[in-house]
Amino acid sequence: MPVAAIAYALISAALFGASTPLAKMLLGELPPLALAGLLYLGSGVGLLAWIALRPAANRAVLARSEWPWLGAAIVTGGVIAPGLLVRSDGATASLLLNLEAALTAAIAWIAFRENVDRRVLIGMLAIVAGGVVLSWEQVPRAGGVAGPLLIAGACLGWALDNNFTRRVSGGDAATIACLKGLIAGAVNLALASAQGAVLPRAGAIAAAALVGFFGYGISLALFIVALRGLGTARTSAYFSIAPFFGAAVALAVLGEQATALFWVAATLMALGVWLHVTERHEHRHVHGPLEHAHVHVHDEHHQHEHDIAWDGGEPHSHLHRHSRLVHSHPHYPDLHHRHEH
């Protein structure tokens, strides 16, 4: 069981979920789209500062073939999805945004052929059901289908973003998250400006940027690291419990009251997480020849020669080649297990 990857996914969900009630406290001074732009920009600028300060060693560089995937992720998740969401009436957002997890998993399973079995599917359904229950009290009173369709389109954009990001998850997570934050932030602020939004006082901007750095920037970087070890569908399932963390913070910080639906949602999400954590997938499988770069140690899958000077330190990152390997062991759809079943 990839304990570290699961922990990264859950911490990512906790940070993002906690940012929701904190961002809600800023809505009095900022229109929603301008707030989203500042949250994204805060994540991008904060990560940019971190990248500038940290050592450059062991930073995995994206291959030329991976940049189109990253570009597609930024366009679908950082440009198209926010653009669709802002054109909706917002009444159906709380409930329908749960579609993102379901669409992410469906695309991963159908289009990218990630492995799924009955246990994982039931776990995913339980977590999504928990999200639906948690948002049920805000069920829409919308009078048409335009709003729901726009939100569904935004969810599809973010679902594609998640799957495209998995294709580049072997790269430097901070750099990927930084680029997505800077571009998505600029796009959201541009949309807000087009609607006549005016930036608030410096204190509100700083608060939004700080929340964005932790709730969007660090959260996304951890999400990308989790993608390496778990694949898209499973990482998205763990991340889908973010609304529970948000509701828990709202109870503690905003003084909101826990309802029966909160505990029903908590039970469903806990069941889904347990089903995923206790998954065991093992069979004889083939690793085809592969060349890529990512941070690694010299485990069973990394018995390669070095074309660079190496002092023996681990983990490290460099372009390396995998030879064909046939074996059997428990595994998840990580960077090295994207085989057919």
Side-chain angles (χ1 to χ4, degrees), residues 4-5 7-9 11-13 15-16 19 36-82 104 157-158 160-189 209-232 235-236 239 290-297 302 308 313-320 334-336 338:
Y8 291 141
I11 295 172
S12 172
L15 289 171
F16 181 75
S19 73
L38 290 174
L39 290 169
Y40 276 120
L41 274 183
S43 73
V45 173
L47 288 172
L48 185 63
W50 161 247
I51 292 169
L53 292 173
R54 69 174 181 172
N58 294 337
R59 190 182 303 171
V61 179
L62 290 180
R64 182 179 300 179
S65 61
E66 293 176 318
W67 281 100
W69 291 109
L70 178 57
I74 292 173
V75 169
T76 54
V79 179
I80 295 176
T104 296
W158 284 314
L160 290 168
D161 174 7
N162 294 335
N163 279 279
F164 295 155
T165 301
R166 188 224 184 184
R167 305 288 298 193
V168 299
S169 60
D172 183 64
T175 300
I176 295 170
C178 174
L179 288 172
K180 295 179 78 171
L182 291 174
I183 295 174
V187 169
N188 278 272
L189 278 182
L210 184 63
V211 172
F213 174 57
F214 286 96
Y216 286 56
I218 296 178
S219 173
L220 178 55
L222 292 174
F223 181 88
I224 293 168
V225 175
L227 283 174
R228 298 175 192 164
L230 297 172
T232 313
T235 302
S236 180
F239 189 79
L290 175 66
E291 183 176 80
H292 60 177
H294 64 94
V295 176
H296 62 276
V297 297
H302 294 91
I308 60 171
E314 293 183 349
H316 68 163
S317 175
H318 61 90
L319 185 66
H320 57 278
D334 57 23
L335 284 178
H336 303 99
R338 298 179 177 179

Colleague: Which distance, rounded to the nearest 0.5 Å, do you find between the CD1 of Ile74 and the CG of Leu70?
Modeller: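 Between Ile74 CD1 and Leu70 CG, I get 4.0 Å after rounding to 0.5 Å.
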
Colleague: List the atom pairs, donor and acceptor, that lie under 3.5 Å between side-chain atoms in residues 211-219 and the rest of the protein, sequence neighbours left out.
Modeller:
from, atom 1, to, atom 2, distance (Å)
Ser219, OG, Ser12, O, 2.8
Ser219, OG, Ser12, OG, 3.0

Colleague: Looking at every non-hydrogen atom in both residues, tell me the closest pair between Ile51 and Cys178 and how far apart they are.
Modeller: CD1-CB, 4.0 Å

Colleague: Tell me whether Phe239 at atom CZ has more than 12 heavy atoms from other residues, nucleotides or ligands lying less than 6.0 Å away.
Modeller: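 Yes - once you tally the heavy atoms of other residues, nucleotides and ligands closer than 6.0 Å, there are more than 12.
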
Colleague: Looking at Trp69 and Phe164, would you say the former's side chain and the latter's main chain have a donor-acceptor pair under 3.5 Å?
Modeller: no

Colleague: Taking all non-hydrogen atoms of both residues, which atom of Leu227 and which atom of Ser169 are closest, and how far apart?
Modeller: CB-CB, 3.9 Å

Colleague: Can you list everything that forms a side chain to side chain contact (heavy atoms under 4.5 Å, CB included) with Ala5? Sequence neighbours excluded, please.
Modeller: Pro2, Leu230

Colleague: Out of curiosity, Arg54 CZ to Asp172 CG, how far, rounded to the nearest 0.5 Å?
Modeller: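 Atom-to-atom, Arg54:CZ and Asp172:CG are 4.0 Å apart.
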
Colleague: In Å, rounded to the nearest 0.5 Å, how long is the span from CG of Asn188 to CD1 of Ile183?
Modeller: 12.0 Å

Colleague: Closer than 3.5 angstrom, by distance alone: can the side chain of Arg228 be matched with the main-chain N or O of Gly171 as a donor-acceptor pair?
Modeller: yes

Colleague: Could you pull out the closest heavy-atom pair between Glu66 and Arg167, with the gap in Å?
Modeller: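 Nearest heavy atoms, Glu66 then Arg167: OE2-O, 3.6 Å.
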
Colleague: Looking only at the side chains, is there a donor atom on one of Thr104 and Asn162 sitting less than 3.5 Å from an acceptor on the other?
Modeller: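 There is such a pair (donor and acceptor under 3.5 Å, judged by atom type) between the side chains of Thr104 and Asn162.
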
Colleague: Which heavy atom of Leu182 sits nearest a heavy atom of Gly44, and at what distance?
Modeller: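 Reported closest heavy-atom pair: CD2-C, 3.7 Å.
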
Colleague: Rounded at 0.5 Å granularity, tell me how far CG in Leu39 sits from CZ in Phe16.
Modeller: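 If we round to the nearest 0.5 Å, Leu39:CG and Phe16:CZ are 9.0 Å apart.
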
Colleague: If the condition is side-chain hydrogen bond (donor to acceptor under 3.5 Å, both in side chains), which residues does Asn163 pass it with, not counting sequence neighbours?
Modeller: none

Colleague: Which residues pass the side chain to side chain contact (heavy atoms under 4.5 Å, CB included) test with Ile80, not counting sequence neighbours?
Modeller: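 In terms of side chain to side chain contact (heavy atoms under 4.5 Å, CB included), with neighbours along the sequence ignored, Ile80 is linked to Val75, Leu84.
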
Colleague: Who are the side chain to side chain contact (heavy atoms under 4.5 Å, CB included) partners of Ala177, not counting sequence neighbours?
Modeller: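 Scan of Ala177 (side chain to side chain contact (heavy atoms under 4.5 Å, CB included), adjacent residues dropped) gives Leu47, Leu220, Ala221, Ile224.
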
Colleague: Determine yes or no for a side-chain-to-main-chain donor-acceptor pair under 3.5 angstrom, with Ser236 supplying the side chain and Thr232 the backbone.
Modeller: no

Colleague: Pairs in or reaching into residues 176-188: which pass salt bridge (Lys or Arg N to Asp or Glu O under 4.0 Å), with residues at least two apart or in two chains?
Modeller: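 For residues 176-188, and leaving out neighbouring residues, the salt bridge (Lys or Arg N to Asp or Glu O under 4.0 Å) pairs sorted by first residue read Asp161-Lys180.
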
